[in-house]
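All of these numbers come straight from a predicted model, not from anything done at the bench. The sequence lines fix the lettering, A, B, ..., with proteins before strands; numbering per chain opens at 1.
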Amino acid sequence: MEDEFAIQSFKPTLSANLAFQRKLLPIFKYRESLLYAIETFQVTLLHGHTGCGKTTQLPQYLYETGWTKEGKIIGCTQPRRLVARSVASRVSEELKTEVGKTCGYKIQFEHNVSSETKIEYMTDGSLLKEILTDPLLERYSVIMIDEVHERTVNIDLLLGILKRILLKRPDLRVILASASANIQKLNNFFYEQDKINTNIISVEGKLYPVDVMYLENPTENYVNTAVETVLNINSSYPSGDILVFLTDRREVDECVKRIEAFSVTTPEDLPMLVPLPLYSGLTMDEQLRVFDIYEQRFRKVIFCTNIAEASVTIDGIVYVIDSGLCKLRIFNPYSRISKLIRVPISKSNAIQRTGRAGRTNPGKCFRLFPKNVYDSLKDESDAEISHTDMLPVVLFLKSIGLRNINQFPFFVPPPTVHIIAALEDLYFLGAIDDYSNLTDPTGFQMVELPLDARLSKALLSSATYDCTYAMLNIVSVVMAGDVFYRPARNHHEATACHATFITEEGDILTCLNVLESFLVRKKDMKWCKTNFLNYNTLNHASEIRRHILPYLQRFRISPERRLTDTGSSKIIECLLQGFFRNVAHLQDDGSYKTISGSPVWIDQKSTMNNKNIPWIMFTSMVEYEGRAFINGITKIESKWLEKFYNRKK
DNA sequence: CTCTCCCT
């Protein structure tokens, strides 16, 4: 084993103290210099490793020093809802108050804040939404953006927006916290470009040392090598759980199966391997199994996707095996098709994955690629804004009054073709007019609705088609995701159960059927289980539904409007108002072509597979290995389309 | 003929 890997030492920083006392967190030593920097400079760039305490401590330091004395509050954003909520409860514990008093949180579907709240944790999306009603964010004296290195679209948007606000509000303080050392670009963005004073502070983390090992030669099959490495660790390394980074659920399931098969024949003297899958498609119960504690004679092996890189943290991992790859969704602005591709991770991702081994013990990381491959990796992954659909971004920027999208101070500007595609789509959806201004009311209402723009358009059109009640349920369930649960073990049984919900019109009305049954049965979890329905998705759909209702009231669209006849054609015609571009026509050879001429294939999971319907509408399209697969299929009649396109002209 | 991960 040792021979296969060239040994390299990794980050020897070590803080042996595990006490939870606030003063023992690494950030405490920097308390005064941080407070001085925030007092003096408009922007503080905080480079802090995982576990340094920046997220829980810094807002408290600011609160203790009086940054909330003049009625303003301290805001701290997180990319994930769960973290915003749990950090607020941790800080409340430290403050010896209930959540929602001095410290609270605000995330979609849930907020726990009051007039006494001084420290608010929120999702970055939630802060962006606030810009619509408080353009200068005047409630805040300090805003901290956490996990800036993740460079999601929301974070990039906030960077630009905060820069605009800082130029108008010299009293505002901004803290940008990043786990990446590459902070100089942020400094240039604020100081070199606009002379906004910045200061950089670096805080070391609380990680145990992790030895990093590389393969001498590249592997031809990283899945095989991952399994072999697991078996080698089990036979030659001391006890400790293993975390294996792969790219998708198929690889994860395969590895779990192979280790299961091996476990039956484990020699008596070796720990028994317990393989566990971890990816977002699992139910909550299945995901929680990775936290189970086993007796000494067992060894957990968790096969995971990117979910464990930042979103799920498991203590007790001693060994990390890193494939060096992940899956990425890339949007094509010409075809509007997204594709999922397997790409090499960045150095920063590799370091983050390695750190998953050093949380509670010193660890080892086995990189399934040679050192020279590591050296050739990019320092950072490309920002999401460079390869994703810009429609929601452009819609948002229009709503804050940007006539020309180029006026926005992007940290990294998205490609022009992406902007043009988004403008074109928004125009045809009726969200912007001939002068590229947001339309009233459609455009303004679309900005407010927390839905995909096409679904928003369909919902806003529903009053005209007398189907708001149905459309409210449809947009909720389509946003929520796949309602059918298809376990590999009892696939036939599941298919038989699902058949009872299927409508001849297609997937969308089938999903509507499922959601309405779910609501009639008062969200019965047991009923979901016996019918192989995804409880999480349906519950999420019902939350979205509840969340959207007040918007409809405000827009004076009555949700009670429902069709008196049993015909579903009005509903589908209404859906077409949003999805008129997502139409495909059956060809003589049984394949489909979209109206723009691209060949597409109906997803195997669709209830409309092999039905040979001449004209169909779809709600999603993903490319895989050169083929575009469509899902959310609904039967349409060509005459609706003719009517629609004629009217559009 | 398969589906990284979040979020308003």
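The nearest whole Å value for the distance from the CG atom in A:Leu132 to the C1' atom in B:dT8 is 9 Å. Atom NZ of A:Lys327 and atom C1' of B:dC6 are 17 Å apart (whole Å). What separates CZ of A:Arg85 from P of B:dC7 is a distance of 10 Å, to the nearest Å.
OP1 or OP2 of B:dT8 lies within a sub-4.0 Å distance of a side-chain N or O belonging to A:Arg81. The side chain of A:Thr305 places an N or O atom within less than 4.0 Å of a non-bridging phosphate oxygen (OP1 or OP2) of B:dC5. Between B:dC1 and A:Gln604, no contact under 4.0 Å exists linking OP1 or OP2 to a side-chain N or O.
Among the protein residues, A:Met479 comes within range of the nucleic acid bases, having at least one heavy atom under 4.0 Å from a base atom. Within the 4.0 angstrom heavy-atom criterion, only backbone atoms of the sugar-phosphate kind lie near A:Asp248; the bases stay farther away. If you check every strand for non-hydrogen atoms under 4.0 Å, A:Tyr624 touches sugar and phosphate atoms only. Looking at heavy-atom distances under 4.0 Å, A:Phe396 makes no contact with the nucleic acid at all.
A:Phe109 meets the ring-ring contact (aromatic ring centres under 6.0 Å, His included) test with A:His540, A:His547; sequence neighbours excluded. For A:Asp482, the salt bridge (Lys or Arg N to Asp or Glu O under 4.0 Å) partners at least two apart in sequence or on another chain are A:Arg486, A:Lys605. Checked against salt bridge (Lys or Arg N to Asp or Glu O under 4.0 Å), A:Lys54 has the following partners two or more places apart in sequence or in another chain: A:Asp146. For A:Phe369, there are no ring-ring contact (aromatic ring centres under 6.0 Å, His included) partners at least two apart in sequence or on another chain. With sequence neighbours excluded, no residue satisfies ring-ring contact (aromatic ring centres under 6.0 Å, His included) with A:Tyr485.
Comparing B:dC5, B:dT4, B:dT8 by their closest approach to the side chain of A:Ser280 singles out B:dC5. Across B:dC1, B:dT8, B:dC7, the shortest atom-to-atom separation from the side chain of A:Ile107 is found for B:dT8. Nearest nucleotide to the side chain of A:Arg329, out of B:dC1, B:dT8, B:dT4: B:dT4. Nearest to the side chain of A:Thr123, among B:dC6, B:dC7, B:dC1, sits B:dC7. In this structure, the nucleotide among B:dC1, B:dT4, B:dT8 sitting nearest to the side chain of A:Arg627 is B:dC1. Checking B:dC1, B:dT4, B:dT8 against every side-chain atom of A:Pro450, the shortest atom distance belongs to B:dT8. Of the candidates B:dT4, B:dT8, B:dC1, B:dT4 carries the atom nearest the A:Asn306 side chain, counting heavy atoms from C-beta on.
A:Arg336 places a side-chain N or O within donor-acceptor distance of the main-chain N or O of A:Ala421, the cut-off being under 3.5 Å.
In this structure, A:Arg85 pairs ionically with A:Glu110, as a charged nitrogen and a carboxylate oxygen lie closer than 4.0 Å.
Contacts between residues 339-348 of chain A and DNA chain B, defined by a heavy-atom separation under 4.0 Å, are made by A:Leu340.
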